[in-house]
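Whatever order the structure lists them in is the order used to number ligands and atoms, beginning at 1. Just so you know, these numbers come straight off a predicted model, no measurement behind them. If you read the sequence from its start, that first residue is 1, and numbering goes on from there.
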Amino acid sequence: MQASEAFTGSSRRTLLILGSGGTIAGLAPRPGDTLGYQAAQVGVAQLLAGFDAPPGCELQVEQVAQIDSKDMDAAVWLQLARRCAEGLAHAHVQGIVITHGTDTLEETAYFLQAVLAPSRPVVLACAMRPANAAMPDGPQNLRDALAVAAQPGARGVVAVCAGVVHGAADVRKVHSYRLDAFGSGDAGPLGYVEAGALRQLRAWPQAAPDPGLLGRLPAQPQAWPRVELVFSHAGASGASVDALVRDGVQGLVVAATGNGSVHHALEAALLRAQAAGVRVLRASRCDQGQVMGLPGDALPGAGALSPVKARIQLQLDLLAA
Ligand code: ASP
């Protein structure tokens, strides 16, 4: 590995590797250990030990966070986003790889694409097996992520897992255990990494950047709009919505059935919430498809956004309002 602690100014292209934790950096218990499996135990520099940088590139490694991504929050998102923005401000930074847990990877991907809309690649790498597993998947996923980040013309936030490349808007964790744990729904994957080479199927994520957006995000996570998720299901009631409104919630995303339909009792509570000034969005709890808005919809639909991504978008919309 060629690593440097500071930008070197050399003519080589730099790949910035940011560690944030996850199972890729996790350790399974060894005989005699009293603690169970723990994510986020191994430093990102150690994960990269023995790695060669892609041709013409050098690696710069930084530990930004060290968490189990089930505990992800706005504070870590801000740290990651700021470090990405600072790195990408340097012309010699070809791309960024972030090692990340699988549990909330799709949320981080959506958030980073929304706030950075980067014109170079930001690639999330993960693993389903801990670093000390007999056959860990992290090293190969990390190699594939480096290959994608080094790819000329690559841009936007993507995730790489089990040789499959997913765009930020579409990626979802679809399996709790399998190594190939992510899907891109109807859209399909962006591409595959095969023997270190990218076979690209679809366009890179692309959006018009809002250069001031990152700076406008509150530094304190408590200052972010409070947006909560509720779920529509057989026998649903509006009790949790009423309680959240009393508690000062600013936005609600309902994980609705099918094409955005909501149990009548829950819907009545959501309409009361909306009338009281709470922003409400209907996303579908289905893994694929979208909520198609219809004229006369009383509660707006979230289109193709999954409930968790709709929650992030609603937070950003409330911040912009
Ligand atoms: N709980 C872990 C995490 O998301 C799971 C994983 O990385 O696979 O950090």
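- At least one heavy atom of Ala127 sits less than 4.0 Å from an atom of ligand 1.
- Under the 3.5 Å distance criterion, the side-chain polar atoms of Asn132 are left unmatched by any main-chain donor or acceptor of Leu27.
- For a threshold of 3.5 Å applied to N or O pairs, the pair formed by Ser69 and ligand 1 contains at least one separation below that value.
- Atom 8 (O) of ligand 1 has Thr102 OG1, 2.5 Å as its closest protein atom, hydrogens excluded (heavy atom only).
- Membership of the apolar cluster around Val164 extends to Tyr192, Leu201, as traced through chained side-chain contacts below 4.5 Å between ILVMFWY residues.
- In summary, of the residues considered (Arg172, Arg202, His166), a side-chain hydrogen bond (donor to acceptor under 3.5 Å, both in side chains) with Ser184 occurs for His166 alone.
- For ligand 1, none of its N or O atoms has an N or O atom of Thr104 under 3.5 Å away.
- Given atom 5 (C) of ligand 1, the protein heavy atom at minimum distance is Thr23 OG1, 3.2 Å.
- In this comparison of Ile67, Asp68, Thr99, the heavy atom closest to atom 2 (C) of ligand 1 sits on Asp68.
- Here Ala40 has no heavy atoms under 4.0 Å from ligand 1, in either its backbone or its side chain.
- Using a 4.0 Å cut-off between a side-chain N of Lys or Arg and a carboxylate O of Asp or Glu, Glu106 and Lys309 do not qualify as a salt bridge.
- When only interatomic distances are considered, the shortest N/O to N/O separation between Asp103 and ligand 1 falls below 3.5 Å.
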(request) Report the C-alpha distance between Gln60 and Glu58 in whole Å, list the side-chain angles of each, state the deciding distance to 0.1 Å, and finish with yes or no for side chain to side chain donor-acceptor pair (under 3.5 Å). (result) CA-CA 7 Å; Gln60 179 186 323; Glu58 61 184 9; over 6 Å; no

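- Residue Leu244 is found in a hydrophobic cluster whose other members, listed by chain and number, are Val230, Val241, Val245, Val249, Leu252, Val254, Val262, Leu266, Leu270, Leu271, Val278, Val280, Leu299; membership requires side-chain heavy atoms under 4.5 Å apart, directly or through intermediates.
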